[in-house]
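The sequence lines fix the lettering, A, B, ..., with proteins before strands; numbering per chain opens at 1.
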Amino acid sequence: MSAKSEQLKKSKRFQWRKQDIELTLLAIPTTIWYILFCFLPMFGIIIAFKNFKISGGFLSNVFNSPWVGLKNFEFLFKSNDAWIIIRNTIGYNIIFIILGIVLPVVFAIMIGLLHNRKAGKVYQTMMFLPYFLSWVVVSAVGWAFFSFDKGILNQFLGSFGAESINWYMEPQYWPYILIFLNVWKSIGYGMIIYLATITAIDSSYYEAAVIDGASIWQQIRFITIPLLKLVIVMMFILSVGRIFYTDFGLFYQVTRDSNSLFEVATTIDVLVYKQLKSATIGMASAAAFVQSVLGCITILTANWIVKKIDSDSAMI
Amino acid sequence: MAAKTYESGLEKFNRTSTGVNILINLIFILVALACVIPVIVVLSISLTHESYIRETGYSILPPILSLEAYGFIAKQGTIILRALGVSVFVTAVGTAIGVLLTTSMGYVISRPTYRHKNFLTWIVFIPMIFNGGLVSSYFINSNLLGLKDSIWVLILPLAVSSFNVIICKTFFRSTIPDGLIESAEIDGASQFRIFFSIILPISLPVLATIGLFLCFNYWNDWFQSMLYIDNPNLYSLQALLNNLMTNADALARNASTIGVSAAELVATMPKESARMAVAILIVLPVACAYPFFQRYFISGLTVGAVKG
C-alpha cells in the first residue's frame with residue numbers, strides 16, 4: 001500500500017517535472033523576445049548618464065564612454081525648449097483626456113437613443129474608420145486640405161474672396177487642428193468601451209424607471225451616467241497615467257515637421273526623435289530617461305488608485 | 001408573445017420624440033460624414049487629372065475623372081510593387097510570428113500549476129510599466145542586434161505586446177476548462193500537443209482578435225521604417241508614402257531603366273494624384289476589411305479596457 005502510494009507520488013512528481021519542462025520550452029521564444037526588445041533597453045538607459053558616442057559595437061561603447069553624471073540633464077533643462085516641451089506634452093494631454101472622455105460618453109449615450117438601431121450601427125462603423133488610418137495617411141489627408149496653393153481650405157477661402165492662409169507656417173491655428181484631429185481619429189475607438197458598458201446595463205432598471213414616470217433625460221441622469229461612472233473614472237486614471245507619452249505621429253507627421261510650428265507642436269516624443277536623428281544623443285537619452293521614469297511613476301500611481309476603487313480593473 | 005408585445009410597447013413608449021430623434025440622427029450624420037469625407041477627398045484627388053490639379057488645385061468633386069495616376073503607377077510600378085510586396089510580407093509573416101509568440105506565452109502563464117508562472121507573469125508585466133525609451137531601444141536594435149536596414153526590424157520589435165498576452169491569458173483562463181487539459185495530460189499528451197492541437201483550435205475568437213490587432217498594426221506601421229530603414233528597396237507602402245509626402249519626384253527614380261530620361265518624367269508625371277493614389281492603395285484594403293472584422297476588434301478592446 002505504502003509502496004504503491006509512494007510510487008504514485010513519484011510518478012506524479014515526474015509528471016510535474018515533465019509538464020514544467022515542456023511549458024518552459026514553450027515559453028522560451030517569447031521570453032527571449034522580451035529580454036531582447038524590452039529588458040536590454042531598460043539597462044541601456046544608463047547611457048543618459050554617459051557621454052555616449054556612436055562608433056563600433058554598442059556594448060564596448062556603453063562600457064568605455066565616460067560617465068558624465070547629470071550633465072546631460074543639465075543641458076536638457078537649461079535649454080529654452082524644455083519649458084515649451086513640458087507645456088505642450090502635459091497641456092495637450094489634459095485637453096485630450098477631457099475631450100476623450102466627454103465626447104465618446106455623449107455620443108455613446110446618444111447612439112442608444114436612436115429609434116433605428118441599424119442606423120446606429122452604420123454611424124458607429126463610419127466613425128471607426130479614422131482609427132484604422134496611419135498618421136502618414138492622415139498627413140496626406142491634411143495636405144489635401146491645408147496645402148497653400150492647392151489645398152481645399154484655401155480654395156474655399158478664395159471663393160469668399162478671402163486671403164489664402166499658409167497653414168503650415170501659422171502656429172496660431174495648430175492647437176485647434178491637432179486637437180480636432182486627435183478627437184477625429186480616436187472617437188470611434190472611445191465610443192466602443194462606453195457603448196459596451198451601456199448595452200450591458202440591465203434593461204429592468206429602465207423599465208422600472210418608466211413605470212415610475214421617469215423621462216428619458218432623468219433615465220440618463222440617474223441610471224446611465226451613475227452606472228458609467230466607474231468605467232469613466234477608470235479610463236480617466238489610466239489616461240492620466242500616460243500623461244508623459246504623446247502620439248508621435250500626430251505631432252510630427254501631421255505638422256510635416258514644419259519649423260514654424262515648433263512652439264505649438266513639439267512634445268517630448270518629438271524632441272527625443274529629433275535629437276536622436278541629429279545625433280545629439282546626450283540630450284535625447286536624458287529626455288527619454290525623464291519620460292520613462294516619470295511615466296513609470298504616474299502609471300504606478302494610477303494603477304494604485306484604480307486598485308483602491310476597483311481591484312478587478314487594476315493592472316497589477 | 002404577450003410579453004414581447006408588452007416589451008416592444010414599453011420600448012416604443014420609452015423613447016425620444018420624433019423631433020429629438022431626427023436631431024440626433026442629423027448630428028450623427030454630420031459626425032459620421034466628417035469621419036469618412038477626408039478619405040473620399042483623397043480618393044477623388046487620386047482620380048483628378050494632373051493638369052486640372054496644376055491649374056486649380058485639389059477638389060472634392062473633380063470635373064473630369066481620370067485614371068492617369070493609377071495608369072502611371074501600373075506602368076512605373078516597380079517601386080510601388082516592391083513596396084507593396086514588403087508591406088504584404090511584413091504583415092503576413094509578422095502576424096504569424098506575433099500570434100505564435102503571444103498565444104504560447106499567454107497559454108503558459110494561464111496554467112495555474114506551472115512552476116514558474118509568477119516569474120513569467122512578471123516578465124510580461126514589467127514592460128507595461130517601465131520601458132527603456134526610444135534612444136536606448138534604437139541603439140540596441142541597430143548596433144547590438146544589427147537589425148538596421150533589415151526587413152526583420154519591421155517585424156520583430158512589434159511582434160509581442162504585453163496587452164495582447166494578457167488578453168490571451170484571460171481568454172484561456174476563463175473559457176478553457178481545466179478538466180480538458182488535465183484529461184489530455186492523463187492521456188499522455190505533451191504540452192506542445194495540447195497547445196497546438198487542443199488549445200489553438202478551440203480558441204479561434206481570441207486568435208482572430210490578436211491576429212487582427214497585429215495585422216492592422218503591421219500594415220499601418222511607418223515609424224520603424226522611418227527609424228531604421230535607409231535602403232529604398234526595403235520601403236513599405238507607408239514608408240514610400242512618407243517619402244513621397246516630402247519628395248514627390250522620388251517616383252521617377254528608376255525612370256532611366258524604362259527609356260525616358262528622369263528629368264522628362266519628373267516634368268510630365270502626375271505627381272500630385274500619384275501620391276494620393278499610393279495613399280488609396282494603403283487605405284483601400286483596410287477600409288474594405290474593417291467593417292467585417294469590427295466585432296473582433298470590439299471584443300479585444302473591451303476585454304483590454306475592462307480587464308487590462
Inset, instruction - Please flag which part of Trp33(A) lies under 4.5 Å from any non-hydrogen atom of chain B: side chain, backbone, both or neither. - result: side chain

Inset, instruction - Check whether any side-chain heavy atom of Phe139(B) sits under 4.5 Å from a side-chain heavy atom of Pro41(A), and report yes or no. - result: no

Legend entry - Chi angles and distances behind the side chain to side chain contact (heavy atoms under 4.5 Å, CB included) call for Val141(A), Val41(B): CA-CA 8 Å; Val141(A) 170; Val41(B) 168; over 6 Å; no

Inset, instruction - Decide whether Thr125(A) and Tyr290(B) meet the rule of one side-chain donor and one side-chain acceptor closer than 3.5 Å. - result: no

Inset, instruction - Tell me, for Gln219(A) versus chain B, whether the close heavy atoms (under 4.5 Å) come from the side chain, the backbone, both or neither. - result: side chain

Inset, instruction - Test side chain to side chain contact (heavy atoms under 4.5 Å, CB included) on Glu22(A) and Phe195(B) and set out the steps. - result: CA-CA 11 Å; Glu22(A) 285 170 356; Phe195(B) 176 65; over 6 Å; no

Inset, instruction - Compare all side-chain heavy atoms of Ile21(A) with those of Gln191(B) and state whether any distance is below 4.5 angstrom. - result: no

Legend entry - Toward chain B, the part of Tyr34(A) with a non-hydrogen atom under 4.5 Å: side chain

Legend entry - Region of Ile111(A) that comes under 4.5 Å of a non-hydrogen atom in chain B: both

Legend entry - Option that, when pairs with chain B are counted at under 4.5 Å, heavy atom only, ranks first among Arg256(A), Lys185(A), Gln124(A), Met126(A): Met126(A)

Legend entry - Contact check, side chains of Met42(A) and Ile126(B), non-hydrogen atoms, under 4.5 Å: yes

Legend entry - Heavy-atom closest pair, residues Met128(B) and Ile299(A): O-CD1, 4.1 Å

Legend entry - Residue part contacting chain B, namely of Lys277(A), when any heavy atom lies under 4.5 Å: side chain

Legend entry - Gap separating the CE atom of Met105(B) from the CD1 atom of Ile28(A), nearest 0.5 angstrom: 10.5 Å

Inset, instruction - Please state whether the side chain, the backbone, both or neither of Trp217(A) comes within less than 4.5 Å of a heavy atom of chain B. - result: neither

Legend entry - Side chains of Tyr114(B) and Gln19(A) in contact at under 4.5 Å (non-hydrogen atoms): no

Legend entry - Contact origin within Ser147(A) toward chain B - heavy atom pairs under 4.5 Å: side chain

Legend entry - Test item: Leu23(A) and Tyr107(B) side chains (from C-beta on) under 4.5 Å apart, heavy atoms: yes

Inset, instruction - Any chance you could measure Leu101(B), atom CG, to Thr30(A), atom OG1, to the nearest 0.5 Å? - result: 4.5 Å

Legend entry - Donor-acceptor under 3.5 Å (Arg275(B) side chain, Ala140(A) main chain): no

Inset, instruction - Determine, stepwise, if the pair Val39(B) / Leu129(A) fulfils side chain to side chain contact (heavy atoms under 4.5 Å, CB included). - result: CA-CA 9 Å; Val39(B) 178; Leu129(A) 175 67; 3.8 Å; yes

Inset, instruction - Counting only heavy atoms closer than 4.5 Å, note whether Phe145(A) contacts chain B via side chain, backbone, both or neither. - result: side chain

Legend entry - Contacting moiety of Leu40(A), where chain B heavy atoms sit under 4.5 Å: both

Inset, instruction - Kindly indicate whether the side chain of Val283(B), heavy atoms from C-beta on, has any atom under 4.5 Å from the side chain of Leu133(A). - result: yes

Legend entry - Phe132(A) ring center within less than 6.0 Å of Phe297(B) ring center: yes

Which atom pairs, one a donor and one an acceptor, fall under 3.5 Å between side chains of residues 287-296 of chain A and the rest of the protein, sequence neighbours left out?
residue   : atom : partner   : partner atom : Å
Gln291(A) : NE2  : Phe244(A) : O            : 2.8
Gln291(A) : NE2  : Asp269(A) : OD1          : 3.2
Gln291(A) : NE2  : Asp269(A) : OD2          : 3.4
Ser292(A) : OG   : Ala288(A) : O            : 3.1
Ser292(A) : OG   : Asn131(B) : O            : 2.9

Inset, instruction - Compute the ring centroids of Phe28(B) and Phe107(A), then answer whether they are less than 6.0 Å apart. - result: yes

Inset, instruction - Give, as side chain, backbone, both or neither, the part of Ile123(B) having an atom under 4.5 angstrom from any heavy atom of chain A. - result: both

Inset, instruction - Tell me, for Tyr245(A) versus chain B, whether the close heavy atoms (under 4.5 Å) come from the side chain, the backbone, both or neither. - result: side chain

Inset, instruction - Please look at Leu36(A) and chain B and tell me whether the side chain, the backbone, both or neither of the residue comes under 4.5 angstrom of a heavy atom of that chain. - result: both

Legend entry - Selection from Tyr131(A), Tyr273(A), Phe43(A) maximising heavy-atom pairs under 4.5 Å formed with chain B: Tyr273(A)

Inset, instruction - Could you look at Ile47(A) and say if it's the side chain, the backbone, both or neither that has a heavy atom under 4.5 Å from chain B? - result: side chain

Legend entry - Among the listed options Phe37(A), Tyr252(A), Trp135(A), the residue most often paired with chain B at heavy-atom distances under 4.5 Å: Phe37(A)

Inset, instruction - Measure distances from Val36(B) to the heavy atoms of chain A and classify the residue's part below 4.5 Å as side chain, backbone, both or neither. - result: both

Legend entry - Heavy-atom pairs under 4.5 Å with chain B, option from Pro29(A), Ala196(A), Cys38(A), Ala144(A) with the top count: Ala144(A)

Legend entry - Contact class of Val160(B) relative to chain A, heavy atoms under 4.5 angstrom: both

